[in-house]
Amino acid sequence: MMKFDHIIIRYGEISTKKRNRKGFVDKLKANIRWVLEEFSNAKLSANRERMYILLYGEDPQDIIERLKGVFGIQSLSPALKVGKDIEEIKSAAVYYFEQLSEKVSTFKITTKRSDKDFPYNTDELNHILGGHLLENTEGITVDVKKPDFNLRVEVRREAIYLTGEVIPGAGGLPLGSSGKAMLMLSGGIDSPVAGFLSMKRGLEIECIHFYSPPFTSERSRQKTVDLAEKLAEVSGSMKLHIVPFTEIQLLIQKQIPENYTMTSTRRLMLRIADKIRERQEAMAIITGESLGQVASQTLSSMYAINEVTNTPILRPLITIDKTDIIGMARDLNTLEISNRPYEDCCTVFTPASPKTKPRREKVAFYESFVDFDALIDEAVQKTEILTVSGVKGRKSDLEELENLF
Ligand code: ATP
Ligand code: MG
């Protein structure tokens, strides 16, 4: 019985980045090997332009589903290698049509021939195969200008190759190819989405979560663990640093004027996150902030909060509207987890009217009377590190994310 025997993988953006190409391709290879681990017969081969998965009997559809979630892949095409026998090529063409993931009503055939000894030239092959398809496939007609589907036939010396369906991949850059950053992960909607977008851009991430027992419950901590698990579906596993933050929050409540507690809380979170970042040898901090969403996310707030570090703060959602972020979270299957009721360590202590235009000098002045250093070090030291692992093959969610851009 006929079956696809290889899958062509196109890199897209990687191939334009000449200098780093080798590093990118190596990461992509490793990531693909990981998602395809259980398909033990499949082999991966790569050249400068493309990769090929040689299936050796493994199911092409299952493998394509997995590959669709791998960042750095622009597109995929199942392909077929056949002998140089005209009857074999004809049945392969019919098989290709039967396997198409979407129904097509018009087609054309494009033949390329590098083996000039093959007894049929390109026009002849186009005609023979076109005629055969019209006779053997229901409801299709030829359209050479704008066909729904273009079946490509390549006649080479060693064999003949059939391909044509182009399945979009997840895009982005291979996970880990852009370095490592720390994601500040709350139980909310935004930060997990920011995490996905960062991974899509090639960042390896670790998560940091601040919690304040007994003001926040075990349930709200579990939420963060569940969200980290979702992120781990992309990367295999995910480190989650859980920072005990109660003492610092209580000290802030006691020592900082109420309308500045929120600003100060954020500054202290950032200082701690930065220390953990340094220890983990990451080079940036990611947040789920979106401009103007809440009091802590006005430009004045960011200006006042950001003063405590000059580490790059990446804010993938900064210009994205809330409704769009919610849409992304839904598609990524994190929305349901984020929407579970919980007490955030920030909401618990949020003052009735936080300053929307806090001033740097003021918050720094208020903080200058309090010795936070020892508590910061203690919080870092008492931080618990969990490693959660994700289930492979969640993939279709990531495809959805593609549609939003
Ligand atoms: P999110 O939906 O991600 O919770 P938000 O709209 O609730 O964001 P804020 O509460 O102002 O906005 O938080 C802004 C960002 O600060 C979050 O996206 C997250 O990156 C970080 N953050 C807030 N609270 C925590 C926390 N408890 N632990 C870790 N990071 C946090
Ligand atoms: Mg929040």
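One-based numbering, in listed order, for ligands and for the atoms of each.
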Original post:
Any N or O on T287 sitting closer than 3.5 Å to an N or O of ligand 1?
Top reply: no
Original post:
Of all the atoms in ligand 1, which lie at a distance below 4.0 Å from a heavy atom belonging to D190?
Top reply: 1 (P), 2 (O), 3 (O), 5 (P), 6 (O), 8 (O)
Original post:
For ligand 1, which atoms sit closer than 4.0 Å to a heavy atom of I208?
Top reply: 29 (C)
Original post:
Of V225, V388, L185, which meets side chain to side chain contact (heavy atoms under 4.5 Å, CB included) against M238?
Top reply: V388
Original post:
At a 4.0 Å threshold, what atoms of ligand 1 neighbour a non-hydrogen atom of I189?
Top reply: 2 (O)
Original post:
Hey, which atoms in ligand 1 end up nearer than 4.0 Å to a heavy atom of G188?
Top reply: 1 (P), 2 (O), 4 (O)
**OP:** Measure up the H6 and Y52 rings against each other and bin them: parallel (under 30°), tilted (30 to 60°), perpendicular (over 60°).
**Re:** tilted
**OP:** Would you check whether G187 has a nitrogen or oxygen atom less than 3.5 angstrom from a nitrogen or oxygen atom of ligand 1?
**Re:** no
Subject >> Side chains of E204 and M199 in contact at under 4.5 Å (non-hydrogen atoms) >> reply: no
Subject >> Closest candidate by heavy atom, reference atom 13 (O) of ligand 1, pool M184, R266, M182, R315 >> reply: R266
Subject >> Partner residues of E206 under the salt bridge (charged side-chain N to carboxylate O under 4.0 Å, His left out) criterion, sequence neighbours left out >> reply: K180
**OP:** Compute the shortest N/O to N/O distance between G288 and ligand 1 and return yes if it is under 3.5 Å, no if not.
**Re:** yes
Original post:
How would you list all residue pairs meeting ring-ring contact (aromatic ring centres under 6.0 Å, His included) that involve residues 245-290, not counting sequence neighbours?
Top reply: F210-F245, Y260-Y366
Original post:
Quick one: does NZ or CZ of R152 land under 6.0 Å from the six-membered ring centre of Y161, within 45 degrees of the ring axis?
Top reply: no
**OP:** Could you tell me whether some N/O pair between I286 and ligand 1 is separated by less than 3.5 angstrom?
**Re:** no
Original post:
Mind checking whether F365 and F369 have parallel, tilted or perpendicular rings, split at 30° and 60°?
Top reply: perpendicular
Subject >> For ligand 1, the portion of L183 having any non-hydrogen atom under 4.0 Å away >> reply: neither
